[in-house]
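Below is one structure, written out as structure tokens; comments come after it.
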Amino acid sequence: MPRFLRRAAAVAVSLLLASNPIFAYELDVHSTDSIKNVARQLAADLMSMYSGNQPGQTPGLLPQPYYWWEAGALMGALVDYWYYTGDTTYNEITQQGLLHQVGPYNDFMPPNQTLTEGNDDQGFWGMAAMTAAEYNFQNPAKDKPQWLALAQAVFNTQAARWDTQHCNGGLRWQIFTWNNGFNYKNSISQACFFNIASRLALYTGNSTYAEWAVRTWDWMAGVGFIDDTYRVYDGATVEKNCTDLTPYEFSYNVGAFLLGAAAMVEYSNKAGEMNDVALWHERVDGLLNSTELIFFFGDDENDKVMIEVACEPVNLCDVDQQSFKAYLSRWMAATTKWAPWTFDRIKKLLQNSAQAAVKQCAGGDNGRMCGLKWANNSGEWDGTTGVGQQMAAMEVVLANMIEEAKQPVTNGTGGTSAGNPSAGGSDNGRVDPVKWQHGVITKGDRAGAAFVTFVLLAALLAALVFMLADETKTAGENWDNFRSTVSSHPGAQTTTAVNIVTGDGSATPEKSGKHVAQEESSGVSSDESPPSTKTVRDNALPSRQMPRRKPLSISSINSLPNGAASAPALHHPYIHPNSPLGVAGRGGDRR
Ligand SMILES: *[C@@H]1O[C@H](CO)[C@@H](O)[C@H](O)[C@H]1NC(C)=O
Ligand SMILES: *[C@@H]1O[C@H](CO)[C@@H](O)[C@H](O)[C@H]1NC(C)=O
Ligand SMILES: *[C@@H]1O[C@H](CO)[C@@H](O)[C@H](O)[C@H]1NC(C)=O
Ligand SMILES: *[C@@H]1O[C@H](CO)[C@@H](O)[C@H](O)[C@H]1NC(C)=O
Ligand SMILES: *[C@@H]1O[C@H](CO)[C@@H](O)[C@H](O)[C@H]1NC(C)=O
Ligand SMILES: *[C@@H]1O[C@H](CO)[C@@H](O)[C@H](O)[C@H]1NC(C)=O
């Protein structure tokens with residue numbers, strides 16, 4: 001919606017509510033009562049968008065357009081809500097949601113999601129379970145999967161997927177071979193794995209997890225996904241041996257590494273490895289430096305507010321990206337528990353951000369739903385609402401109580417969650433969704449899966465023909481064309497085929513020449529030369545149409561000294577993972 005329309009809508013809403021004065025949260029970031037009060041209302045508004053606990057609904061799922069992974073992130077946010085406030089209102093719902101989605105092997109690979117599930121998706125559920133263990137969240141009944149074992153299962157299944165055949169290591173984004181994105185290794189998949197591994201190392205004291213955390217970090221640095229100023233970029237493809245870096249920077253990448261690095265400080269401390277303590281201490285500082293530089297915006301040092309800089313300034317954050325500040329807030333706060341020297345610095349940033357965030361909470365039907373734009377904004381509601389916005393506001397407000405919150409536990413310091421070092425074993429190494437059908441799955445399931453596969457394949461073929469057949473060319477030329485498409489050689493291709501996925505999930509293939517263009521935006525404050533923040537031009541990054549964390553082939557890595565990149569040029573057609581074209585992509589069941 002154009003800005004003026006959005007304004008008009010906002011004004012109309014406030015006129016409708018004219019009998020009440022325009023709502024405004026009064027948040028005193030120094031008062032526990034005030035924080036709890038505000039958080040309680042934010043949580044209630046957040047949960048008004050979740051119906052998984054209601055009759056006929058599926059626990060652990062959010063309605064469209066929210067993906068499965070975000071519901072896992074939501075469960076993590078609810079564990080946080082209880083941890084900070086002690087309010088148990090949502091504990092049963094949280095436990096129910098987490099347990100309903102564990103899948104037949106108790107590793108967060110439920111059959112309904114297997115056609116679309118990525119390592120990062122599984123990782124978000126795994127991190128929620130890990131948090132439940134660290135905070136001593138209520139344990140499930142004995143005959144149910146336990147938090148620690150669930151996190152271990154996610155770790156085990158992912159460690160078994162570590163792929164040394166390409167790029168010298170790393171996890172692929174997707175789990176299953178035919179999923180769109182299987183050829184992409186992205187930072188968030190490594191970030192979730194690193195985060196879980198380092199926290200498991202600390203919780204259990206088992207050095208195997210720590211070795212994997214080290215391996216993951218070293219690989220990230222080796223391949224350049226983390227650069228020497230600790231900036232974290234999106235990912236690259238296996239075809240190019242991970243040299244074709246996509247320079248997007250998203251806040252959840254740096255956040256997940258930050259907390260994992262802090263866990264490694266604490267783990268090394270307990271293990272008495274002082275060299276490692278120093279090493280991870282430096283990495284925490286480096287990550288915090290880049291976090292502040294890239295993901296906080298403000299006129300001066302004392303006034304910096306969190307920003308999802310790749311998409312927020314141009315109103316192009318998609319439904320996933322709208323939630324990322326929730327995780328950066330969550331992980332920055334938690335970092336202070338294991339890296340206590342970061343406290344003053346982090347606290348200030350979270351205070352500013354919480355104060356700015358609640359000013360955004362003046363929209364929606366009830367007049368108090370939160371928008372996205374905390375930074376660089378007078379406080380006027382930006383006209384958006386959603387699970388991501390609401391969760392982010394709640395997490396950043398809660399984070400202001402971090403000094404009062406309990407230290408996370410370990411197995412040796414009061415942790416009560418039962419583990420299983422070989423959890424998830426039955427799923428280990430599975431990269432083929434069909435193989436799994438030989439497990440506990442019924443005949444009916446199998447027939448259903450075969451049918452779905454058939455339909456998807458048929459749709460794939462039809463759409464490919466539609467997209468690629470060019471009657472001026474021979475079938476052979478068309479095939480070459482197709483091959484170059486799927487093997488993602490940037491080559492000389494300039495046409496971009498973007499599949500627009502409409503609200504009902506149907507795909508509208510569209511041949512267009514859309515290119516992502518770059519645009520200079522305002523400067524980010526800094527000492528000498530004002531560096532620039534680069535963002536994308538409006539039609540360049542169609543939010544929902546554009547896959548989240550989607551691999552995009554780019555011609556060159558733009559040098560973006562400060563402020564973040566978000567505008568790689570598209571050089572080859574790609575298939576939207578939500579479209580039936582993406583067979584396994586994020587197709588089928590979009591939830
Ligand atoms: C899978 O989908 C079916 C049908 O929609 C539903 O009944 C079931 O609860 C779902 N399972 C999970 C784990 O989401
Ligand atoms: C691929 O990259 C890795 C480092 O990321 C390097 O060690 C390896 O030699 C490269 N392989 C090829 C075939 O270039
Ligand atoms: C973080 O930034 C501070 C201040 O600019 C600098 O002194 C320090 O060396 C940086 N730390 C790392 C690890 O880059
Ligand atoms: C900050 O706001 C100004 C004025 O609306 C705008 O021109 C600029 O692009 C914004 N910068 C960022 C990083 O949001
Ligand atoms: C965790 O602690 C319990 C009792 O405190 C102990 O029996 C168990 O062996 C510990 N597990 C690990 C992996 O250290
Ligand atoms: C440590 O973790 C590894 C990896 O999961 C596992 O194979 C091993 O059995 C664990 N060791 C102990 C003592 O639990």
Side-chain angles (χ1 to χ4, degrees), residues 3 7 52-64 67-68 71-72 75 96-117 125 145 163-170 185 190 218-226 235-245 293-299 303-317 356 372-380 382 440-442 444-445 448-449 452 519-526 530-538 562-564 566 588-591:
R3 203 181 170 79
R7 284 249 168 80
N53 57 319
Q54 284 162 22
Q57 305 290 312
T58 307
L61 294 187
L62 282 162
Q64 283 193 22
Y67 292 106
W68 180 71
M75 296 305 141
Q96 179 199 39
L98 281 166
L99 293 181
H100 196 78
Q101 295 296 328
V102 296
Y105 298 121
N106 298 335
D107 56 1
F108 293 119
M109 292 178 66
N112 290 355
Q113 307 299 332
T114 41
L115 283 183
T116 61
E117 185 171 344
W125 285 88
D163 164 40
T164 51
Q165 288 205 317
H166 302 87
C167 316
N168 212 22
K185 294 194 174 178
Q190 327 303 323
D218 290 349
W219 182 79
M220 286 287 295
V223 83
F225 288 7
I226 296 183
T237 66
V238 296
E239 288 88 351
K240 298 281 173 187
N241 197 29
C242 293
T243 56
D244 53 340
L245 195 64
L293 180 68
I294 307 300
F295 298 106
F296 284 82
F297 180 91
D299 293 332
D303 191 31
K304 290 188 174 171
V305 170
M306 195 181 292
I307 186 167
E308 194 60 54
V309 73
C311 55
E312 194 182 302
V314 285
N315 304 319
L316 290 171
C317 290
L372 183 68
K373 279 198 168 193
W374 306 347
N376 193 28
N377 160 325
S378 58
E380 192 182 349
D382 67 7
V440 291
I441 304 312
T442 67
D445 287 336
V452 168
E519 186 178 63
E520 299 271 336
S521 214
S522 85
V524 177
S525 69
S526 166
S532 67
T533 301
K534 299 215 176 184
T535 50
V536 289
R537 194 159 345 142
D538 270 42
N562 201 344
S566 60
D589 182 356
R590 300 189 58 223
R591 300 185 303 171

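Atoms within each ligand, like the ligands themselves, are counted from 1 in listed order. The basis for the numbers below is simple: all heavy atoms, side chains too, and nothing from hydrogens, waters or symmetry mates. Every value quoted in this text rests on a predicted model; they were computed, and no experiment measured them.
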### Per-atom contacts of ligand 2 with N241, taking only distances under 4.0 Å to non-hydrogen atoms
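So the answer, numbered in order with elements, is 1 (C), 2 (O), 3 (C), 8 (C), 10 (C), 11 (N), 12 (C), 14 (O).
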### Message
Does the plane of the ring in W68 sit parallel, tilted or perpendicular to the ring in W125? Use 30° and 60° as the thresholds.
### Response
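The rings of W68 and W125 lie parallel, inter-plane angle below 30°.
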### Message
Looking at non-hydrogen atoms alone, which of N376, V314, I307 comes nearest to atom 6 (C) of ligand 4?
### Response
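Selected option, by shortest heavy-atom distance: N376.
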### Task
Measure from atom 11 (N) of ligand 1 to every heavy atom in L61, V102, N112 and give the option owning the shortest one.
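Nearest heavy atom to atom 11 (N) of ligand 1 lies in N112.
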### Message
Quiz question for you: does at least one protein heavy atom lie closer than 4.0 Å to atom 14 (O) of ligand 2?
### Response
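Given the 4.0 Å limit, the answer for atom 14 (O) of ligand 2 is yes, a protein heavy atom qualifies.
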### Task
With heavy atoms of Q101 as the reference, note each atom of ligand 1 found under 4.0 Å away.
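Near Q101, the atoms of ligand 1 are 12 (C), 13 (C), 14 (O).
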### Task
Return yes if some donor-acceptor pair links the side-chain N/O of N106 with the main-chain N/O of P145 below 3.5 Å, else return no.
no
### Query
Counting distance only, does the side-chain N/O of D163 pair as donor-acceptor with the main-chain N or O of G169 below 3.5 Å?
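Judged by distance alone, no pair lies under 3.5 Å.
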### Message
As an exercise, state the distance from CD of E117 to CZ of F108, rounded to the nearest 0.5 Å.
### Response
10.0 Å
### Message
Does only the side chain of H100 get under 4.0 Å from ligand 1, or the backbone, or both, or neither? Count heavy atoms.
### Response
both
### Query
Can you list the steps and then say if N112 with Q101 is a side chain to side chain contact (heavy atoms under 4.5 Å, CB included)?
CA-CA 9 Å; N112 290 355; Q101 295 296 328; over 6 Å; no
### Message
Tell me the protein heavy atom at minimum distance from atom 4 (C) of ligand 2, and give that distance in Å.
### Response
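Of every protein heavy atom, N168 CB, 4.1 Å lies nearest to atom 4 (C) of ligand 2.
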### Query
Would one find more than 12 heavy atoms of other residues, nucleotides or ligands at under 6.0 Å from atom CD of Q165?
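No.
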